[in-house]
Amino acid sequence: MALVQETDYGTPASLSTNMVELTIDGVPVRVPEGTSIMRAAQEVGTTIPKLCATDMMKSWGSCRLCLVEIAGRNGTPASCTTPVAPGMAVSTQTDRLKRLRKGVMELYISDHPLDCLTCSANGDCELQDMAGAVGLREVRYGFAGENHTVQAKDESNPYFTFDPSKCIVCSRCVRACAEVQGTFALTIEGRGFDSKVSPGMGEAFLDSECVSCGACVQACPTATLMEKSVIDIGQPEHSVVTTCAYCGVGCSFKAEMRGNELVRMVPYKDGKANHGHSCVKGRFAWGYATHRDRITEPMIRASIHEPWRKVSWDEALAYAASEFARIAEKYGKQALGGISSSRCTNEETYLVQKLVRAGMGNNNIDTCARVCHSPTGYGLGAAFGTSAGTQDFDSVEHTDVALIIGANPTDGHPVFASRLKKRIREGAKLIVIDPRRIDMVRTPHVEAQYHLPLRPGTNVAVLTSIAHVIVTEGLVNEDFVRQRCDWEGFQDFAEFVAEARHSPEITEAMTGVPAADLRAAARLYATGGNAAIYYGLGVTEHSQGTTTVMAIANLAMMTGNIGRPGVGVNPLRGQNNVQGACDMGSFPHEMPGYRHMSDDATRDIYEKLWGVTLDAEPGLRIPNMLDEAVSGRFKALYVEGEDIVQSDPDTRHVTAGLAAMECVIVQDLFLNETADYAHVFLPGSTFLEKDGTFTNAERRINRVRKVMPSRSGMADWEITQALANAMGLNWSYKHPSEIMDEIAATTPSFAGVSYQLLDEVGSVQWPCNEEAPTGTPVMHLEKFQHGAGRFMITEYVPTEERTGPRFPLLLTTGRILSHYNVGAQTRRTANTVWHPEDLLEIHPSDAEQRGIKEGSFVRVASRAGDTSLRAHITDRVAPGVVYTTFHHPVTQANVVTTDQSDWATNCPEYKVTAVQVSLSNGPTDWQSRYSTHSDEARRIMATAAE
Amino acid sequence: MSHGEEAAKLVGMANQISLFFGAQRRRDSAEAVAEHLHKFWTPLMRAQIRDHLDAGGHGLSDIARKGVALLGQPKPAIPAGPDDDSSEHARPADAAPAGAA
């Protein structure tokens, strides 16, 4: 294995379909119109020297190294900024060019430290490369006089160092921050000799607007911006392409290694989801894989009040299997169940549902989609016939109007947000529907045309009102609806939305959205060109989550915004493999491929293959499992890679349910909140330690490739297989590719998927089968999956979670950029520097009424429970609304959230909880008791020294 | 949970489901509710709500009552899902979705 080398073409590719023919050094070249000479030369294998150009960004033309000569033209233009022209004859190497390039390099090197042998970029420095490329042998200016070779380093960022002494002021970092990331945190301060790269207004990186995405580090041609891991370890020697294990964007990375040690993660330019970009988490926050908290040996205990005892794998698995058998014998097979991980691979989640169905003999299998995008499955299934987003991320490049509702992409899906921001800077319009003034509303060079700050819980009212405007103002795309949808159903729907009670002027009183803004936003969506809706958990985590998804689908269908690039309905799936977990049948009512358990033909396929009889009835969802546990009928749970105590609502109910069980098996990387209630701990593996596939929010199946041995000795799929065999199931998979072969053989939408195909093409979007051998980027091109698109009547039903004198505020929750969900991974990295604790965002007027100051410790109480945390006063939330994150278990945010849930799927209503906020002295009783229990539950018996 | 608490939870869920199907126009709401319960509720949950109805059905909305009353009758053919091309499964016009969570 060697380092995966990616060609840098110098400037971005042109999308033109007109072709231009020219010659470069006498070699005929044919490239799209708009291609730079530099790129055209690289296409035929000629690398023109360069320093300021890189193909992730537009050309800049400052370094003057890439000069060429063009027959019939005076001078020596820069090849990066000069587009090709028909019949052009270019020379890339002449005596004049050689002299000029040497002169340029002499100037650069005259003001550059000559410590190459001890420099962290030694072996990977473009300045070094160019000095060699131009044949530099001397620097006639000498090294006396004023220079920049000794400068103070900025080491404030935990992941990279900024050393201005190595800087050649090529501006790549500034341009990367602007064009690629869209944060505009960097600038060039001063002019001429005084020019220097500066974060913000000259503050340190950590104090600036820098979001630590690392695009500047990646762009930097020298050691100026360098990963601290490279400084510490040295240059990598081989790399493996794999997929990030954080969010649903599913960025592709090159894991650059030295032996078994990960040196750095570099975004893969050929990654179809991210095209060479990443965020702070995927690029830098992988240190949790080798954190001291990693549990590497199995542990068991008879009671959750006992300390853990380390045992061998055989003993742990035999104990787990014997407990399952005992419980099934005593309480019946419906007393057992499993939760599969939306962070483990497709192959692993497939095996967990197989273990439950074939091993436990029931359908009590569920996954974290329950608490996030389960309404997406139901809603889009009803409208379109498939339970997934309709587009790929590239589709945004053709979007004219983006409507974001209930999502905060700069924090939750940052790489996608960067692409969306770029499109908006190019002229696309933006509508944001969110109770908070999220960053997308106003960020450098991006401003939402309309921000509709609705009252939490009124999504359906707002979207139905938008539909009212579209119908009553004659903005429906009738041709599309007649051709592609159920026309009679649409007429019912149109009659419904046209009722006066849905007009923006009437709904304003309950939604808080000014009627004029809503009307204008509706008109923009309907008539602004290609319009795409992007949504997140602010849509689904409500009592009408499914209805809201249907309302979104209605809007897309009635305006004809389906079935081509630039439009569509785009659920921003949260977890790295929540789409995959759903695809793999991690639901109590569905087999892989979204086929209902009651379908005889589907069950027949698996019964023949697995040699068992499958239960045709739906099983328990996670909330039902906990209810059944509290009622005494559910006694055993196999939890793979999910922390329901921290992430699920109504924590007291969750812990009561777990405490009532007799055998809880947790398979995870660390002892987490759920493990506090477990009897068997099976140490899992990170994405770096196994092979498999993840499916991202675009339905894109990407490879995960092992780069280091599993610290526990087994990948998660091997553990599940071993447990299955301890239960007598006799599985014998030797590699995850065999599991994928089984998935493909049994699941029509995956029929064409194989590791061989993925190695050849990189990734595929399902459906991938005979009809679509290389996958399906955009769905419903000519017809919907189930024929005609269906309109659903979206009657607004206010949530039962109401504010009142006792609980006058509404709490909504969300995430931030630097942490991921329960923080199991990110809290064990340097990302804690940005968010060491969860804070309660509260409006100044609400704070003043309560005597709350910035940083005050406050108590948040609901009818479910109370907790304490510090306050942050901000006008990002409206009066009457408070907001917090749930990344730190000590916050116990979900003690406060209730058991209200979506009508169709029981997705919890995290986004609407009636609360009261008051000053507090410290942690609540619950937090104190929980902390005590947690300390007790995490004791591990010391093993005697040998 | 006590028997009463369990029943109250199921009644709440059934009423929520009924509110949605009650607003749809082209299909019998009670049938749609029954189909949803068949698709997504375990046999025990269905039996519990049926027992609750038989004991008076306190708290159940009108549509929920009618839907629950249909439980236990021959199940309608439930569409298999997006991956099933079988023509055996005719889809009622406004059936609850197959590819759902």
*Between chain B and each of A/N624, A/T546, A/T547, count heavy-atom pairs under 4.5 Å; write down the option with the most.*
A/N624
*asked:* Heavy-atom pairs under 4.5 Å with chain B - which of A/Q544, A/E800, A/R633 has more of them than the others?
replied: A/R633
*Contact summary for B/P43 and A/P618, nearest pair of heavy atoms*: CD-O, 3.8 Å
_For the student: nearest non-hydrogen atoms of B/R25 and A/I793, plus distance_ = NE-CD1, 4.2 Å
*Do A/F587 and B/F40 have ring centroids that are under 6.0 Å from one another?*
no
*Check whether the ring centres of B/H36 and A/W903 lie less than 6.0 Å apart, and answer yes or no.*
yes
So how far is it from [X] [atom1] to [Y] [atom2], rounded to the nearest 0.5 Å?
{"X": "A/S631", "Y": "B/E5", "atom1": "OG", "atom2": "CD", "answer": "8.5 Å"}
{"X": "B/M45", "Y": "A/D627", "atom1": "CE", "atom2": "CG", "answer": "8.0 Å"}
{"X": "A/R790", "Y": "B/Q24", "atom1": "CZ", "atom2": "CD", "answer": "11.5 Å"}
{"X": "A/L620", "Y": "B/W41", "atom1": "CG", "atom2": "CH2", "answer": "12.5 Å"}
{"X": "B/K39", "Y": "A/M597", "atom1": "NZ", "atom2": "CE", "answer": "12.5 Å"}
{"X": "B/Q16", "Y": "A/N906", "atom1": "CD", "atom2": "CG", "answer": "8.0 Å"}

*asked:* Is it the case that atom NZ in B/K66 sees more than 12 heavy atoms from other parts of the structure closer than 6.0 Å?
replied: no
Heavy-atom proximity to chain B below 4.5 Å, by part of [X]:
{"X": "A/F493", "result": "neither"}
{"X": "A/D615", "result": "neither"}
{"X": "A/N362", "result": "neither"}
{"X": "A/V797", "result": "side chain"}
{"X": "A/S543", "result": "both"}
{"X": "A/E488", "result": "both"}

*asked:* Counting only non-hydrogen atoms closer than 4.5 Å, does B/L19 touch chain A with its backbone (N, CA, C, O), its side chain (CB onward), both, or neither?
replied: side chain
*Could you walk me through whether A/Q334 and B/L44 pass side chain to side chain contact (heavy atoms under 4.5 Å, CB included), step by step?*
CA-CA 10 Å; A/Q334 293 295 338; B/L44 179 59; over 6 Å; no
*For B/H38 and A/E617, what are the C-alpha separation, side-chain angles and deciding distance, and is it a side chain to side chain contact (heavy atoms under 4.5 Å, CB included)?*
CA-CA 8 Å; B/H38 272 300; A/E617 291 283 356; 5.6 Å; no
